[in-house]
Amino acid sequence: MALSGVRVLELAGLAPAPLCGMILADFGAQVVRVDRCPRSAVSTDVQGRGKRSLALDLKRAQGAAALRRLCLRADVLVEPFRHGVMEKLGLGPEVLLQENPKLIYARLTGFGQSGKYARSAGHDINYLALSGVLSKLGRKDENPYAPLNLLADFAGGGLMCAMGIIVALYERTKSGKGQLIDASMVEGAAYLSSFLWKSQNLGLWNRCRGENLLDSGAPFYETYKTLDGKFMAVGAIEPQFYEQLLKGLGLESDKLPSQLSFSDWCEMKKMFATIFSEKTQAEWCKIFDGTDACVTPVLSLDEVALHQHNKERGSFIKNDQEEISPRPSPLLLRTPATPSARRDPFIGEHTQEILLEFGFSKEEIAKLHSDKVIEFNKPKANL
């Protein structure tokens, strides 16, 4: 795979860092998740696919020293802690990059490594708020709302950090040097939303939140409830697509207001909603499938892998425990990602084998274990 041979150390964290590590693992990197020791009852990482787990107490001097040794043979370190935590442990970039100049040290945080909020706690909704993007999300006359924790945590955080790591790996092939990556979820979410800034002069966002073309203001860019309580998504922006939408709904354009008549959008929405409520989702799919009306069913997580289009592309995969998840994207046709089908690792499951691979002797490992700096957690066989 594309990242085969790349060694990654991912310090265990929440949400964005695990996604970053999983992306790298899916595309072939050898990802070691460095879990906290003593371990908690269960791992909070549900994105551990393709990773191995090393349980290590970084708060102990021996544990910090062990990580430094691991970094000597690593290509990438993914670090998700708040500003200053790694420095207190003696594991800051000024130490690790001096010892291994080829190391790519990725720091993934909400607010970044500098600025007023650098040391502050926060979550996706806070990062999204500070990025300016949250102000654009929400319906008319309602408060702004965050779409789950997808935009800042995962898109602006984990995905952007993975991209930064891959760019740094490519640059290293020319310079031979690693570097420090400062991945801020605030800036990642803002960068992801560059279109909002670059389209200011197009008139797409001149109206209040929830009254514009793409933010639920337009009747032709909206979701509608069907007779069976499901939903259809409508995205018929271009005039030729809008004509096909109207045709499917049994309406005639010459008897309706202009598509871009803002003052009529509210009434048009009510009309569309009434019509969509008269048929089931399956009936609407029969009408709109195969057309360019840009009308599709809103699928639940239980339905999405069974949809014909997704089945034909193999867009969803199962692991050896029959758990369904999305296939890695994008699809590289010559060197595609081949995600592991094994279950996610238990905390400390691979501690011994990882340390042996990184040059630790059996005696050193035994000493670390007796001093409770590391933990083993071998799964029991099911008889």
Side-chain angles (χ1 to χ4, degrees), residues 1-4 6 8-35 40-54 76 78 80 106 108 123-124 146-163 165-166 183 185 188-189 192 230-231 233 296-347 349-350 377 379 382:
M1 288 184 280
L3 298 180
S4 179
V6 175
V8 179
L9 298 173
E10 173 204 320
L11 303 188
L14 299 175
L19 174 66
C20 177
M22 190 182 78
I23 291 170
L24 300 176
D26 282 343
F27 285 89
Q30 301 171 38
V31 179
V32 171
R33 189 183 68 204
V34 181
D35 284 303
S40 57
V42 293
S43 171
T44 55
D45 180 9
V46 296
Q47 301 168 103
R49 183 171 64 206
K51 304 174 188 177
R52 292 182 296 165
S53 170
L54 161 67
V76 178
V78 181
L108 176 53
H123 283 293
D124 176 281
L148 306 179
N149 65 325
L150 294 176
L151 283 184
D153 274 357
F154 296 112
L159 183 60
M160 288 292 186
C161 188
M163 183 186 74
I165 289 168
I166 293 168
M185 291 178 230
L192 181 76
K230 298 184 177 182
F231 295 88
T296 50
V298 177
L299 301 175
S300 70
L301 295 187
D302 293 330
E303 297 169 323
V304 67
L306 302 175
H307 189 274
Q308 182 181 354
H309 175 80
N310 295 331
K311 287 174 66 176
E312 290 174 358
R313 284 187 55 82
S315 301
F316 292 83
I317 56 177
K318 286 185 180 181
N319 65 9
D320 56 9
Q321 295 182 308
E322 297 297 303
E323 295 171 339
I324 296 175
S325 60
R327 184 187 67 191
S329 182
L331 179 59
L332 305 184
L333 295 180
R334 184 170 58 81
T335 58
T338 307
S340 171
R342 296 189 60 193
R343 58 161 174 77
D344 290 359
F346 298 134
I347 293 177
E349 181 175 350
H350 308 95
N377 186 20
N382 294 321

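Throughout, numbering of the chain's residues begins at 1 and tracks the sequence. Just so we're clear, the structure is a prediction, and the values are computed from it rather than from any experiment.
Between Pro147 and Leu151, the shortest heavy-atom contact is CG-CD1, 3.8 Å. Looking at every heavy atom in both residues, Ser325 comes nearest to Arg49 through OG-NH1, 2.9 Å. Contact record, Val78 with Ala17: CG1-CB, 4.3 Å, taken as the closest heavy-atom pair. Nearest heavy-atom pair across Ala106 and Cys161 is CB-SG, 3.9 Å. Taking every heavy atom of both residues into account, Asp35 and Ile347 meet most closely at CB-CG2, 3.6 Å. Residues Pro336 and Leu331 share a closest heavy-atom pair of CB-CD1, 4.1 Å.
No more than 12 heavy atoms of other residues, nucleotides or ligands sit less than 6.0 Å from atom CD of Gln308. Within a 6.0 Å radius of CG in Leu14, no more than 12 heavy atoms belonging to other residues, nucleotides or ligands are found. By the neighbour-count criterion of 12 heavy atoms within 6.0 Å, atom NE2 of His307 is densely surrounded, having more than that number from other residues, nucleotides or ligands. Heavy atoms from other residues, nucleotides or ligands lying under 6.0 Å from CZ of Arg342 number 12 at most.
Atom CD1 of Ile324 and atom CG of Leu301 lie 10.0 Å apart (nearest 0.5 Å). The line from CD1 of Ile317 to OG of Ser340 is 9.0 Å long, rounded to the nearest 0.5 Å. Annotation: the span from Leu3 atom CG to Ile166 atom CD1 amounts to 5.5 Å, rounded to 0.5 Å. In this structure, NE2 in His350 is found 9.5 Å from CZ in Arg33, a value given to the nearest 0.5 Å. With values rounded to the nearest 0.5 angstrom, Leu148 atom CG is found 9.0 Å from Asp124 atom CG. Residue Gln47 holds its CD atom at 10.0 Å from CG of Asp26, rounded to the nearest 0.5 Å.
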What do the steps show when you test Leu159 against Phe154 for side-chain contact (heavy atoms from CB on, under 4.5 Å), and what is the final call?
CA-CA 6 Å; Leu159 183 60; Phe154 296 112; over 6 Å; no

I would like to know whether Arg327 and Arg313 meet side-chain contact (heavy atoms from CB on, under 4.5 Å); could you show each step before the answer?
CA-CA 10 Å; Arg327 184 187 67 191; Arg313 284 187 55 82; 3.6 Å; yes

One pair to check against side-chain contact (heavy atoms from CB on, under 4.5 Å): Asn149 and His123. What are the steps and the verdict?
CA-CA 8 Å; Asn149 65 325; His123 283 293; over 6 Å; no

Go through Val6 and Leu24 one step at a time and tell me if the side-chain contact (heavy atoms from CB on, under 4.5 Å) criterion holds.
CA-CA 9 Å; Val6 175; Leu24 300 176; over 6 Å; no

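Salt bridge Lys230/Glu303: present, at least one basic N to carboxylate O contact under 4.0 Å.
Partner of Glu349 under the salt bridge (Lys or Arg N to Asp or Glu O under 4.0 Å) criterion, chosen from Arg52, Arg343, Lys51: Arg343.
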